[in-house]
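To keep things clear, I will list the structure first and then write my remarks on it.
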Protein chains: 2
Amino acid sequence: MKAPPIDIDRLFHALGDPTRRAILDRLCERPMSVSALAAPLGITLTAVAQHLQILEISALVHTEKLGRVRTCRIEPTGFTALERWIRDHRTVWERRLDRLGELLAEGDEQH
Amino acid sequence: MKAPPIDIDRLFHALGDPTRRAILDRLCERPMSVSALAAPLGITLTAVAQHLQILEISALVHTEKLGRVRTCRIEPTGFTALERWIRDHRTVWERRLDRLGELLAEGDEQH
DNA sequence: TAAATACTGAAGTATTCACTTGACAATTAA
DNA sequence: TTAATTGTCAAGTGAATACTTCAGTATTTA
């Protein structure tokens with residue numbers, strides 16, 4: 001019952017595909033069945049199902065099957081993990097810029 | 001002389017590789033030559049150079065060759081583009097959550 | 001000048017990836 | 001019950017990816 005830890009590798013890979021980002025965009029509007037998602041994409045239902053699997057293990061989408069229809073909706077967990085990753089790395093990167101500024105200041109003092 | 005537009009596809013793809021993220025982490029500490037980057041990675045210099053090309057066209061790294069040494073440093077542009085993408089999509093996604101809340105509220109009113 | 005250093009380029013390989021086809025199961029509608 | 005809908009599974013294909021090796025080219029250093 002333990003949720004698998006979010007793999008940032010998988011997350012970036014999932015978001016790196018335009019079709020998957022299109023799926024996410026549509027799901028931001030409203031939850032949708034697999035075939036409703038497939039309709040405007042110009043690829044087979046099977047392909048969409050495969051994309052959905054990737055989005056699901058990346059915690060970007062949650063799906064649930066009722067009767068013969070699988071309903072897909074946005075799952076916040078993945079987005080949150082991504083935001084956290086960027087926030088963390090931005091601080092490291094800003095620190096580097098600060099240090100670069102210090103180095104430049106020191107350089108100025110030297111002459 | 002026009003900088004190519006940031007391709008969010010390329011950006012996610014670039015960040016989807018653990019070796020490339022390791023390179024970025026090291027460059028956050030300080031600028032570095034290609035061979036300095038390669039040393040702890042356990043892959044050939046050629047492979048590192050290939051990764052650097054990908055990071056460079058994604059605007060995550062800037063490199064400059066002086067003499068025989070190519071120095072690599074973090075380039076903010078790519079990170080900024082990524083942050084903007086996430087900020088934009090978070091608002092869409094939050095709107096969806098709001099609407100879901102409204103729908104639930106309406107549902108409550110109905111009985 | 002000769003040797004070591006720091007990369008660059010072309011070509012090859014094994015794996016992964018997005019996608020397809022085709023056969024099938026399960027559910028709902030006529 | 002028959003037919004249509006909705007999705008799943010297994011296997012295959014062609015392109016992209018992350019590497020490799022090997023043979024260079026500049027640039028320093030001894």
Side-chain angles (χ1 to χ4, degrees), chain A residues 4 7-27 30-75 78, chain B residues 4 6-27 29-75 78:
Chain A
D7 182 351
I8 196 78
D9 236 46
R10 261 208 265 263
L11 200 51
F12 277 123
H13 168 242
L15 289 166
D17 183 275
T19 304
R20 284 193 287 266
R21 288 203 307 283
I23 289 176
L24 288 178
D25 284 346
R26 307 257 322 283
L27 289 181
R30 60 188 165 83
M32 227 175 281
S33 73
V34 181
S35 21
L37 280 172
L41 287 177
I43 55 176
T44 58
L45 199 70
T46 308
V48 176
Q50 284 163 0
H51 281 305
L52 283 168
Q53 255 189 299
I54 291 171
L55 289 169
E56 202 164 10
I57 61 172
S58 310
L60 291 164
V61 161
H62 175 76
T63 80
E64 196 177 4
K65 193 162 183 180
L66 259 157
R68 63 183 167 178
V69 175
R70 178 174 295 280
T71 304
C72 314
R73 62 185 71 244
I74 291 284
E75 159 71 44
Chain B
I6 310 280
D7 182 352
I8 196 77
D9 236 45
R10 261 208 263 264
L11 200 50
F12 277 125
H13 168 241
L15 290 166
D17 183 275
T19 304
R20 284 194 285 267
R21 286 203 310 282
I23 289 176
L24 287 177
D25 284 346
R26 307 257 321 282
L27 289 181
E29 297 301 313
R30 61 188 165 81
M32 227 175 281
S33 74
V34 181
S35 20
L37 279 171
L41 286 178
I43 55 176
T44 58
L45 199 70
T46 308
V48 176
Q50 285 163 359
H51 281 304
L52 282 168
Q53 255 188 299
I54 290 171
L55 289 169
E56 203 164 9
I57 60 171
S58 310
L60 291 164
V61 162
H62 175 76
T63 81
E64 196 177 4
K65 194 163 184 178
L66 260 157
R68 64 181 167 178
V69 175
R70 178 174 295 279
T71 305
C72 314
R73 63 185 71 244
I74 291 283
E75 160 71 43

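Residue numbering restarts at 1 for every chain, and letters A, B, ... go by the order of the sequence lines.
Remark: His13(A) is not in phosphate contact with dA16(D), judged by side-chain N or O atoms under 4.0 Å from OP1 or OP2.
The residue Ile54(A) sits close only to the backbone: its heavy atoms come under 4.0 Å of sugar-phosphate atoms, none of a base.
Applying the side chain to side chain donor-acceptor pair (under 3.5 Å) rule to pairs touching residues 35-46 of chain A yields nothing, sequence neighbours excluded.
Of the N and O atoms on the side chains of Arg20(A) and His51(A), at least one donor lies less than 3.5 Å from an acceptor on the other residue.
Distance Leu55(B) CG to dT17(D) P: 14 Å, rounded to the nearest Å. Between the P atom of dT15(C) and the CG atom of Asp17(B) lies a distance of 17 Å, rounded to the nearest Å. Protein atom CD1 of Ile57(B) is 13 Å distant from nucleotide atom C1' of dT17(D), rounded to whole Å. As rounded to whole Å, 13 Å separates atom C1' of dC19(D) from atom CG of Leu41(B). Atom-to-atom, CD of Gln53(B) to P of dC19(D) comes out at 14 Å; the value is rounded to the nearest Å. Rounded to whole Å, the distance from CG on Leu52(A) to C1' on dC17(C) is 16 Å.
Between Ile43(A) and Thr19(A) there is a side-chain heavy-atom pair separated by less than 4.5 Å. Side-chain atoms of Met32(A) and Cys72(A), non-hydrogen and from C-beta on, never get closer than 4.5 Å to each other. Counting heavy atoms from C-beta on, the side chains of Leu52(B) and Val48(B) come closer than 4.5 Å.
Here Gln53(A) pairs with nothing under the side-chain hydrogen bond (donor to acceptor under 3.5 Å, both in side chains) rule; sequence neighbours left out. For Arg70(A), the side-chain hydrogen bond (donor to acceptor under 3.5 Å, both in side chains) partners are Thr63(A), not counting sequence neighbours. Residues satisfying the side-chain hydrogen bond (donor to acceptor under 3.5 Å, both in side chains) criterion with Ser33(B), sequence neighbours excluded, are absent altogether.
Against DNA chain D, the stretch residues 42-51 of chain B makes heavy-atom approaches under 4.0 Å through Ile43(B), Thr44(B), Thr46(B), Ala47(B), Gln50(B), His51(B). Within residues 58-71 of chain B, the residues that have a heavy atom under 4.0 Å from DNA chain D are, in order of number, Gly67(B), Arg68(B).
With Arg21(B) contributing its side chain and Ile8(A) its backbone, the two residues share no donor-acceptor pair below 3.5 Å.
Where Val34(B) and Thr19(A) meet DNA chain C, the nucleotide closest to each residue was compared, and Val34(B) sits on the side nearer the 5' end.
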